[in-house]
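In listed order, ligands and their atoms are each counted from 1.
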Amino acid sequence: MSLNQYIRPVTTERKENLTIGGCDLMELAKEYGTPLYVIDEATLRGICHDYKKAFAECKNIKMKYACKALCTSAVVRILDDEGFGFDAVSAGEIYTLHKSGADMSKVLFNGNNKSASEIELALNLGVGRFSVDNFYEAELLNKIAFEKNLKADILLRVTPGIECHTHEYIQTGQIDSKFGFDLSQMDEIITLIQKQYKNLDLHGLHAHIGSQIFELQSYSDEVEILVKEINRINKKFGLKLDEMNIGGGLGVRYTNSDNPPSTEELAEAVKKVVSSADDLTIYIEPGRSIISTSGVTLYTVGSSKQVPNGRKYAAVDGGMADNPRPSMYQAEYTAEVVNKPDDFKKEKVTIAGRFCESGDILINEIELPELEAGDILCVYNTGAYNYSMASNYNRVEKPAMVLVNNSHSDIIVYRETLDNLISHDNIPDRLRR
Ligand SMILES: *Cc1c(COP(=O)(O)O)cnc(C)c1O
């Protein structure tokens, strides 16, 4: 087992109330208010160790945390501490990494439409690699690097032609994707780099085949395609490309019906193919599987309603603005009631959010101890793509985030205030009173 295969943080214990990292979640809710994101440091460091152990035999392995999953300064510190580099996709993420003291030479800048100012910032801050996504970007990056009298170290993002589904994969010859170069365009871009783009230094190829992947075969296929393509390019163009970035995507366990592979199984699938390519440096850039399991969200239950001949709803004080995944992707979650034991009388209930959309349902029909106002609900596996996708919809303040470890809690993101919400507003003079 590796920790991405757990639904709950490893330190979760039911005492009188539910506890994580030795902290009573009822107490946390009282101290910091709800909704509250809670990150368990032991689970986060644990999954980092799982990854490092699984890939220990690969001598040239570079782990990069895809920080779009959750990018806050304290989380960056922990990942940097664990020796991870970072995959960043915006000036905001790059700035956060820089300000948090991350090793910028281990940062890879990704994205299908990097702006000139973002590229400049990345070059100024010493970002180690650019994953060049398209012809336009290659020209733009070369131009900016030329103006700065720098060489930009790059990988080329490619679409390997693998389509990933959650439980199956379909290999298609050509995929229509907004990300990366089609393999049929490789010769053209490499010729441009060799002949014209003298400020680009090409090191290898990069692919990322999807997210919440359960099928290891997709990875073996991807790695095989990348290795083959690198060999082909080296031969045809007399190059020595020796870096292969296989992306992220390993799945996690939101509910009992999810069965993601372990980090060891992922490593085996990769090693099976690359043993023949020992001199390659392999990059892996997991996001979700690193941070999801360590995070939970606490909510306070408010109003309830039984629809005659319909569902029973219980509404909580958060929803689609702090966790857009259920309304965006019909994502499913598991939850427990913090202050009621498992043997409490149960009922089937639908957990509704507090936002003004009928689609704002966090969990559809889950069996839980009978809920009443004031109960605290703990929703599991919310570390990834929750806070990072959060909005201020309905002009609601974004929640706080705390880090728990060894019975101690620290705030790592302050709750927004009502004044924060209006701090970027401006009233033109002619409307002033
Ligand atoms: C999103 C993304 C990742 C991380 O994906 P996860 O599913 O969160 O592991 C890695 N690499 C690239 C290029 C991405 O776009």
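Annotation: R288 places an N or O atom under 3.5 Å from an N or O atom of ligand 1; distance criterion only. In terms of polar-atom proximity, defined here as any N/O pair under 3.5 Å, G247 makes no such contact with ligand 1. Geometrically, ligand 1 and S289 share no nitrogen or oxygen pair separated by less than 3.5 Å.
For ligand 1, the atoms lying closer than 4.0 Å to a non-hydrogen atom of H206 are 13 (C). The ligand atoms of ligand 1 that sit less than 4.0 angstrom from a heavy atom of P286 are 9 (O).
In terms of protein heavy-atom proximity, atom 15 (O) of ligand 1 is closest to K68 NZ, 2.7 Å. Scanning all protein heavy atoms for the shortest distance to atom 4 (C) of ligand 1 gives A66 CB, 3.4 Å. The single protein non-hydrogen atom nearest to atom 11 (N) of ligand 1 is E285 OE2, 2.7 Å, given as residue, atom name and distance.
Contact annotation: for I213 versus ligand 1, there are no heavy atoms closer than 4.0 Å. In H208, the part holding a heavy atom less than 4.0 Å from any atom of ligand 1 is the side chain. Under 4.0 angstrom from ligand 1, the non-hydrogen atoms of Y385 all belong to its side chain.
Ion pair E336/R14 flagged as a salt bridge, since at least one NZ, NE, NH1 or NH2 atom sits closer than 4.0 Å to an Asp/Glu carboxylate oxygen. Salt bridge annotation for K68-D87: absent, with no cationic side-chain nitrogen under 4.0 angstrom from a carboxylate oxygen.
The aromatic rings of F55 and Y51 sit parallel to each other, their planes meeting at less than 30°, with 60° as the upper class boundary.
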